[in-house]
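Every heavy atom of this structure was used, including side-chain atoms; hydrogens, water molecules and symmetry mates were not.
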There are 2 protein chains.
Amino acid sequence: MISKTVENYLKNIFLLSENNKVVTTNEISKKLKIKASSASDMLKKLKDKGLLNYEKYNGVSLTVKGKKIATTIVRKHRLWETFLVKKLNFKWDEVHEVAEQLEHIDSEKLVSLLDNYLGYPEFDPHGDPIPNTHGTFPKTNSIAINKLKINEKGTVMGVLQDNKEFLMFLNKIGLNIGSFIQVKNILKFDDSIEIKINKKEYLITLELARNILVKKEEN
Amino acid sequence: MISKTVENYLKNIFLLSENNKVVTTNEISKKLKIKASSASDMLKKLKDKGLLNYEKYNGVSLTVKGKKIATTIVRKHRLWETFLVKKLNFKWDEVHEVAEQLEHIDSEKLVSLLDNYLGYPEFDPHGDPIPNTHGTFPKTNSIAINKLKINEKGTVMGVLQDNKEFLMFLNKIGLNIGSFIQVKNILKFDDSIEIKINKKEYLITLELARNILVKKEEN
DNA sequence: ATATCAAATTAAGAATCCATAATAATATCA
DNA sequence: TGATATTATTATGGATTCTTAATTTGATAT
């Protein structure tokens, strides 16, 4: 039986490794809010279990086996978030902590009945894609706001972060899934970006922009 | 923060202490499927935390504080079982293991929204009463089958056990919530009981009978 | 009352996962 | 390139919760 702790390591390594890039011990320890030494310790064990590729000082990447487990945790997390928002009327920026717990419930039957109950959703309330039983993610053509050029427009499709502060800020400036936005300016000074939402303009940091996905308007 | 393990000790001590009777170390270790020595160890710690009354060799009972925690776990367990059966279409004898996990999810908001979503049910799919937010159980006038005299009749209101084998046996003999039963005979030889369900007669053990609740037919 | 048996407790230690502190490897930059 | 900063690793140990084995307590029956 695989522990909740191991599941969390795998899930977070998966989330940190966009484009299959190698993930460092430090990144992991920050994400999991533990010391790097603890992470180092665990990485060795996970390697021994065949869950990740790891050579000392060179960071890690998931094996097929590790990625499979990580994907099911992500799937469960996002299905539960969808349930919490769609069925129980949680707000989208309130669900993360609870889903962090629910994602570790171990029952294939539960997950598949839940998926069915929700109508096999492809995206969670944050716009993040939900992998299916086989671990396959739905296709998207979204890009992060910081990839847009000045004057380009798009529709907000999702976010890459579950962080509460982040989500509350988006709420505050009226930026939701489906919002229509336009990049008005990009400040070289600090890489921040001016965007227009509902006729109002806001300045957001690169860090924020990197975490908001839009479907670019073709024209 | 209170651990899942502690929650399980408290819940099971609560379930073992009908009529506030004292619970023994052995009973606890059997219920939790651990060695008596482990239980003994833990009981000392729970006493120190003010969760139960415990004098060596004299068994335990929950303090008010311990009972409060136990009740919220029972509440969560039964609400989740109700959800699984009513919303996700689990069978009533399939929900126990999953509910054992779900009961430890820590979020008051989740529990109260779930309760609301289910329409504030008073009984779970096994007929067990669900305590409200304040820990109060709904009133019932049910009694166990072994308390009935020969020829007395009743309607099955619930069971006192979540054990899978037990529930599957009940299913097999067609005994469900709402079934109408009559005690035909009580064998002094081994305390077993002959009951009639749907025109058929079955012999059940005292142990079984003790765990099936009926509302006695007044006549 | 004492022998005997069952129940409960204690002591020692294993597994898991975290931390602190010391050390080693790698990266950076003048 | 060599000094220094950053990042990663190892060694050691603590908390939690379990086990086994030895011991103590309590209950029962003659």
Practice task
Kindly assign one of parallel, tilted or perpendicular to the pair B:Y117 and A:Y117, based on the angle between their ring planes and the thresholds 30° and 60°.
Solution key: perpendicular
Exercise for the section: Please state how far atom CG in A:L46 lies from atom P in D:dT9, giving the value in whole angstrom units. Expected result: 13 Å
Fill in the blank from the handout: note: B:E55, atom CD; D:dT25, atom C1'; distance rounded to Å ~ 15 Å
Exercise for the section: Could you tell me whether a side-chain N or O of A:N12 sits under 3.5 Å from a main-chain N or O of A:N8, the two making a donor and an acceptor? Expected result: yes
Problem - Proximity of A:F83 and B:F83 rings by center, below 6.0 Å - result: yes
Practice task
Going 5' to 3' through nucleotides 2-7 of chain D, assign each nucleotide B (protein heavy atom under 4.0 Å from a base atom), S (under 4.0 Å only from sugar-phosphate atoms) or - (no protein heavy atom that close).
Solution key: -----S
Practice task
Looking only at non-hydrogen atoms, find the nearest pair between A:G158 and A:I177 and report the distance.
Solution key: CA-CD1, 3.6 Å
Exercise for the section: Considering only NZ, NE, NH1 and NH2 on the basic side and carboxylate oxygens on the acidic side, decide whether A:K164 and A:E94 come within less than 4.0 Å. Expected result: no
Handout entry: Segment of DNA chain C, first to last nucleotide, that comes within the 4.0 Å heavy-atom reach of chain B
Key = C:dA7 to C:dT10
Exercise for the section: Give the rounded distance in Å between these two atoms: CD of B:E7 and P of D:dT17. Expected result: 11 Å
Completion exercise
On DNA chain C, more 5' by nearest nucleotide between B:E27 and A:M42 is B:E27
Exercise for the section: Pick base, sugar-phosphate or nothing for B:K44, based on heavy-atom distances below 4.0 Å to the nucleic acid. Expected result: sugar-phosphate
Exercise for the section: Respond yes when some side-chain nitrogen or oxygen of B:S38 is under 4.0 Å from OP1 or OP2 of D:dT19, and no when none is. Expected result: yes
Problem - For atom CD1 of B:I34 and atom P of D:dT17, their distance in whole Å - result: 11 Å
Fill in the blank from the handout: DNA chain C nearest-nucleotide lookup for A:V6 and A:S37: closer to the 5′ end is A:V6
Practice task
Before accepting this row, confirm whether a basic side-chain N of the pair B:E207/B:R210 lies closer than 4.0 Å to the acidic partner's carboxylate O.
Solution key: yes
Exercise for the section: Salt-bridge test for B:K11 and B:E100: reply yes if a basic N is under 4.0 Å from a carboxylate O, no otherwise. Expected result: yes
Problem - Interatomic distance where OH belongs to A:Y54 and C1' belongs to D:dA8 [whole Å] - result: 7 Å
Practice task
Respond yes when some side-chain nitrogen or oxygen of A:K56 is under 4.0 Å from OP1 or OP2 of D:dT10, and no when none is.
Solution key: yes
Problem - Neighbour count above 12 (heavy atom, 6.0 Å) for B:K68 NZ - result: no
Exercise for the section: Measure from NZ or CZ of B:K44 to the centre of the six-membered ring of B:Y54 and say whether it is under 6.0 Å with the direction within 45° of the ring axis. Expected result: no
